[in-house]
Amino acid sequence: MTSASTLLADLIVENAAQLVTCEHGFGDGSTGVVERGALAASGERIVWVGPASRLAAEVTLEPGGRRLDARGRVVLPGFVDSHTHLVFAGSRAHEYALRARGASYQEIAAAGGGILSTVKATRAASVDELAALARPRLDLMLAHGTTTTEAKSGYGLTTADELKMLEAIRRLNAEHALDVHANFCGAHEVPPEFKGRTDAYVNLVVEEMLPEVARLHLARYIDVFCEEGVFSVAQSRRILEAGARHGLKAKLHADEFVTLGGAELAAEVRALSADHLLEASLGGVAKMKAAGVTAALLPGTAFFLGLPYAPARKFLETGVRVALASDFNPGSSMGCNLQLVMTMAVSQMKMTLEEALLGVTLHAAHAMGLEGEVGSLAPGKLCDLILCDVPSWQHVAYFYGVNHVSQVVKRGRVVWGA
Ligand code: NIG
Ligand code: FE
């Protein structure tokens, strides 16, 4: 029986063992768990979330609408990856081998490897080639539950090559089920042509690259690798402020290897997020909290480089919002599985399972300024969800190193699995 007051939907997800909304105050606990929950969507957006027992009375499926049988699986919001370098050419497998023999990431970079070796390969690739290389990576991300990602430029480091990377990202976003949001990271490294002339390169980024990126609407964010020997706090400030004048939202690589004041800068410019923070000062993180900046921690990088993890518990004590991202890139974190990132956060950084899940969903959405769109299952948000074959949502992190995602819905459509 339909009644005039029921909501119309064209997709109903039912028979879930648990529906984890990641909405505080909805369902149980900080992750908003609804046991035997159901969800309804219309077009690309969620219109209803609640216990299955209320579904029939409150929602009507339109003729031709689809019922998706969760078959006792656990439904979670699609994961959000707020920090990736997924567009690149070449491989750095040889550096991985060198590091196993004791070389550090910085030593490899100083010897001409590192980011600059990827720059060389990326400069030699066309837009088509870059997109073709990134497509299967996006497929893997989707298969592991990521439905929204950020993607940085920063392996071009000339105006033409940065625009080429951003054009590849634009194309990938248009073609692929996953939403890919571009981050202009022209200040990812000082290119060899500008060695010893970092200020001149900053001029190029601010005066030539940035206006073109903005004019062509190729990026939503701007990013800087604020690090000793790369871009100073003053240079980073200049770039982020110039980006803001062009309407780009600031994110930054902050205090990854050295305590430089990146966290403080993020607070000062009210960045969406400061990322890495392995060596950030607690005072700086407290300033981020006061300014509403999200701390995006990237445990995959510490794991892959064999470095100590960020002191997540100390950060959490300041009350700062903590997101978790993959940092997917060929040098410091060749991985894109956010389920495994959750495990690292819990086992290595002592985050709770709830904090880890919020880190790859709602808090990651905050790190991208997309908290009104994605990151939780709530009416009005995009219908981006994953179905996991686990007895309860905690098993997604607890049973590690395997893929628990068996089906992915993006913008109301089943885009992966069955
Ligand atoms: O986030 N720190 C700078 N950027 C990347 C590394 C990129 C690379 O090594 O290619 C990072 O770790
Ligand atoms: Fe990075």
Review point. Within the distance-only criterion (no hydrogens, no angle test), does the side chain of K164 pair as donor or acceptor with the backbone N or O of T159 below 3.5 angstrom?
Key: no
Review point. For S332 and N329, what are the C-alpha separation, side-chain angles and deciding distance, and is it a side chain to side chain donor-acceptor pair (under 3.5 Å)?
Key: CA-CA 6 Å; S332 67; N329 78 77; 2.9 Å; yes
Practice item. Starting at CZ of F315, measure out to CG of L282 and round the result to the nearest 0.5 Å. Key: 6.5 Å
**Study point:** Side-chain donor/acceptor of K410 to backbone N/O of W416, under 3.5 Å
**Key:** no
Review point. Is the gap between the ring centers of H246 and H217 under 6.0 Å?
Key: no
Check your understanding: So, is the end of the K251 side chain (NZ or CZ) under 6.0 Å from the ring centre of Y221 and within 45° of the ring's axis?
Key -> yes
Check your understanding: Would Q407 and R73 count as having a side-chain donor-acceptor pair, cut-off 3.5 Å?
Key -> yes
Practice item. Would you please test T31 and L76 for side-chain contact (heavy atoms from CB on, under 4.5 Å) and show each step? Key: CA-CA 10 Å; T31 52; L76 298 162; over 6 Å; no
Review point. Okay, side chain of T318, backbone of K314: is any donor-acceptor separation there less than 3.5 Å?
Key: no
With a cut-off of 3.5 Å and sequence neighbours excluded, list every side-chain donor-acceptor pair involving residues 138-147.
{"from": "D139", "atom 1": "OD1", "to": "H176", "atom 2": "NE2", "distance (Å)": "2.7"}
{"from": "H144", "atom 1": "ND1", "to": "L140", "atom 2": "O", "distance (Å)": "2.8"}

Practice item. Starting at OG1 of T60, measure out to CD of E58 and round the result to the nearest 0.5 Å. Key: 10.5 Å
Check your understanding: Are the side chain of E14 and the backbone N or O of A70 linked by a donor-acceptor pair below 3.5 Å?
Key -> no
Practice item. May I ask you to check whether T301 and D327 show a side-chain donor-acceptor distance below 3.5 Å? Key: yes
Study note, to complete from the structure: Applying side-chain hydrogen bond (donor to acceptor under 3.5 Å, both in side chains) to K152 and not counting sequence neighbours gives E150, D223
Practice item. Using the side-chain hydrogen bond (donor to acceptor under 3.5 Å, both in side chains) rule, collect all pairs that involve residues 277-291, keeping only residues at least two apart or in two chains. Key: E264-S281
Check your understanding: Shortest non-hydrogen contact from L278 to Y309?
Key -> CD2-C, 4.0 Å
**Study point:** Full working for side chain to side chain donor-acceptor pair (under 3.5 Å) between S153 and E162
**Key:** CA-CA 6 Å; S153 70; E162 285 296 301; 2.5 Å; yes
Practice item. Check the side chains of H83 and D275 for a donor-acceptor pair under 3.5 angstrom, ignoring hydrogens and angles. Key: yes
Exercise for review: May I ask you to check whether D81 and S326 show a side-chain donor-acceptor distance below 3.5 Å?
Suggested key: yes
Exercise for review: Please name all residues satisfying ring-ring contact (aromatic ring centres under 6.0 Å, His included) with F303, sequence neighbours left out, ordered by chain then number.
Suggested key: none
Practice item. Using the six-membered ring of F231, assess whether NZ or CZ of R238 lies under 6.0 Å from its centre and within 45 degrees of the ring axis. Key: no
Check your understanding: So, does D255 use its side chain to make a donor-acceptor pair with the main chain of G262 at under 3.5 Å?
Key -> yes
Check your understanding: Are S273 and T294 close enough that a side-chain donor and a side-chain acceptor fall under 3.5 Å?
Key -> no
Review point. Given the rule in the side chain to side chain donor-acceptor pair (under 3.5 Å) test, do R92 and T118 qualify, once you have shown the distances and angles that lead to the verdict?
Key: CA-CA 8 Å; R92 306 220 316 256; T118 301; 2.6 Å; yes
Revision key, fill the gap. Separation between CG (D179) and CE (M368), nearest 0.5 Å, reads 8.5 Å
Review point. Considering residues at least two apart in sequence or located in another chain, which fulfil the ring-ring contact (aromatic ring centres under 6.0 Å, His included) criterion with H24?
Key: none
Review point. Taking only residues two or more places apart in sequence, or in another chain, which ones meet R135 in a side-chain hydrogen bond (donor to acceptor under 3.5 Å, both in side chains)?
Key: E175
Exercise for review: Please assess L130 against R171 for the test side-chain contact (heavy atoms from CB on, under 4.5 Å), listing each intermediate value before the final yes or no.
Suggested key: CA-CA 10 Å; L130 289 176; R171 232 184 252 184; over 6 Å; no
Review point. Does the gap between the ring centers of H188 and Y155 come in under 6.0 Å?
Key: yes
Point to revise | S82 (side chain) donor-acceptor with A364 (main chain) under 3.5 angstrom | key: no
